[in-house]
Amino acid sequence: MNIQMLGTGSAFAKRYYNNNALLFSGGQTAMLDCGITAPLALHQLSKTFNDIDALVISHIHADHVGGMEEFAFQRKFVYQRSLPLFVPAPLIEPLWETTLKGGLMQEDLRSLDDYFDVRPLQEGESCEIIPGLTIRPIRTKHIAGKPSYSYVMNGSFFYSADMKFDAELLHALVAEGCEVIFHDCQLKPPGVVHTTLEQLLSLPVDLQERIWLMHYDDTRPHYEGMTGAMRFVEQHHVYSF
Ligand SMILES: Nc1ccn([C@@H]2O[C@@H]3COP(=O)(O)O[C@H]3[C@H]2O)c(=O)n1
Ligand SMILES: [Zn+2]
Ligand SMILES: [Zn+2]
């Protein structure tokens, strides 16, 4: 599997774009989260929404779903091609009712199914989203009352999306075979809804060596050389795992 970040920034970052990813496997492309900056980020990679074969969503914050209205409209009216939307079951109703309905609702198009080929994901169950790429959602802590999911891919790659620090989970993932971890990282404490750099630095070095930092704010240049054995994920770089 290859992964290329459309952006690596926090929700309010202006230099790094929203923390969204492209996943490549078996000749197909999946997008993991589609935030406000995703349409421009795709364009800057000379890609269009027609180049995407599947969309996966982690949770309903605009830096992760704010580009979905354009995605839906373009696939429906420009490319006239359906899009498999892999979404944890508890997010399906709020994704439509609280996020997309306002822009997408019209007389003849009244539900998420009218725009997407909705494929519900169940927590803990693996699902192949494009050839050779399976994802397994894990519900992780982010904000009270707001379901949020991280993903294990092909059993060996963990993508946190947005989550509070959970050392126990990280250790358990490594024990079950996770080799690489892309983790959100709030550079400056307190980490009320995210994991802070300080918390990640408390992990043993052999675990830090597996961790790549993403979802960081515009102050990242001040933290070069201050991340222990952890590396920053770079926007647009293609990583093979
Ligand atoms: N209870 C909350 C809710 C949100 N936030 C901030 O808003 C951002 C929304 O996107 P995010 O990437 O989850 O990061 C959240 C916090 O910066 C926050 O700090 N506290
Ligand atoms: Zn976020
Ligand atoms: Zn969030």
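One-based numbering, in listed order, for ligands and for the atoms of each.
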- Looking at atom 17 (O) of ligand 1, what's its closest protein heavy atom, distance included? Phe12 CE1, 3.5 Å

- Note on the structure: Closest to atom 4 (C) of ligand 1 among protein heavy atoms sits Ile143 CD1, 3.9 Å

- Query: Short list, please: which atoms of ligand 1 are under 4.0 Å from a heavy atom of His142?
  - Reply: 13 (O)

- Does any donor atom in the side chain of Ser126 or Thr134 lie under 3.5 Å from an acceptor atom in the other side chain? no

- Query: With no hydrogens and no angle check, is any side-chain donor or acceptor of Gln235 less than 3.5 Å from a backbone partner on Leu6?
  - Reply: yes

- Name of whichever N/O/S atom of His61 is nearest to the Zn ion (ligand 3): ND1

- Identity and distance of the protein heavy atom lying nearest atom 19 (O) of ligand 1: Val193 CG2, 4.3 Å

- Message: Suppose we screen for side chain to side chain contact (heavy atoms under 4.5 Å, CB included). Which residues come up paired with Ser202, at least two apart in sequence or across chains?
- Response: Phe165

- atom 14 (O) of ligand 1 has as its nearest protein heavy atom His194 NE2, 3.0 Å

- Message: Suppose we only count N/O/S atoms under 2.8 Å; would Asp63 qualify as near the Zn ion (ligand 2)?
- Response: yes

- Query: ligand 1 and His64, any nitrogen or oxygen pair closer than 3.5 angstrom?
  - Reply: no

- Query: From Asp162, does some N, O or S atom reach closer than 2.8 Å to the Zn ion (ligand 3)?
  - Reply: yes

- Message: Can you name the atoms of ligand 1, numbered from 1 with element, that are less than 4.0 Å from a heavy atom of His215?
- Response: 12 (O)

- Can a salt bridge be assigned to the pair Asp53 and Arg81 using a cut-off of 4.0 Å between side-chain N and carboxylate O? yes

- Task: With heavy atoms only and a cut-off of under 4.0 Å, state how Asn19 meets ligand 1: side chain, backbone, both or neither.
- Result: neither

- About how large, to 10 degrees, is the angle NE2 of His64, then the Zn ion (ligand 2), then NE2 of His215? 110°

- More than 12 heavy atoms from other groups under 6.0 Å of CD on Glu70: yes

- Could you tell me whether Asp166 and Lys164 make a salt bridge, using a distance below 4.0 angstrom between a side-chain N and a carboxylate O? no

- Item | Plane angle bin for His61 and His59 - parallel if under 30°, tilted between 30 and 60°, otherwise perpendicular | perpendicular

- Might you confirm whether atom CD of Glu168 has over 12 heavy atoms from other residues, nucleotides or ligands at distances under 6.0 Å? no

- Message: Over 60° means perpendicular and under 30° means parallel, so tell me whether Tyr216 and Phe232 are parallel, tilted or perpendicular.
- Response: perpendicular

- Item | N/O/S atom name from His59 that is nearest to the position of the Zn ion (ligand 3) | NE2

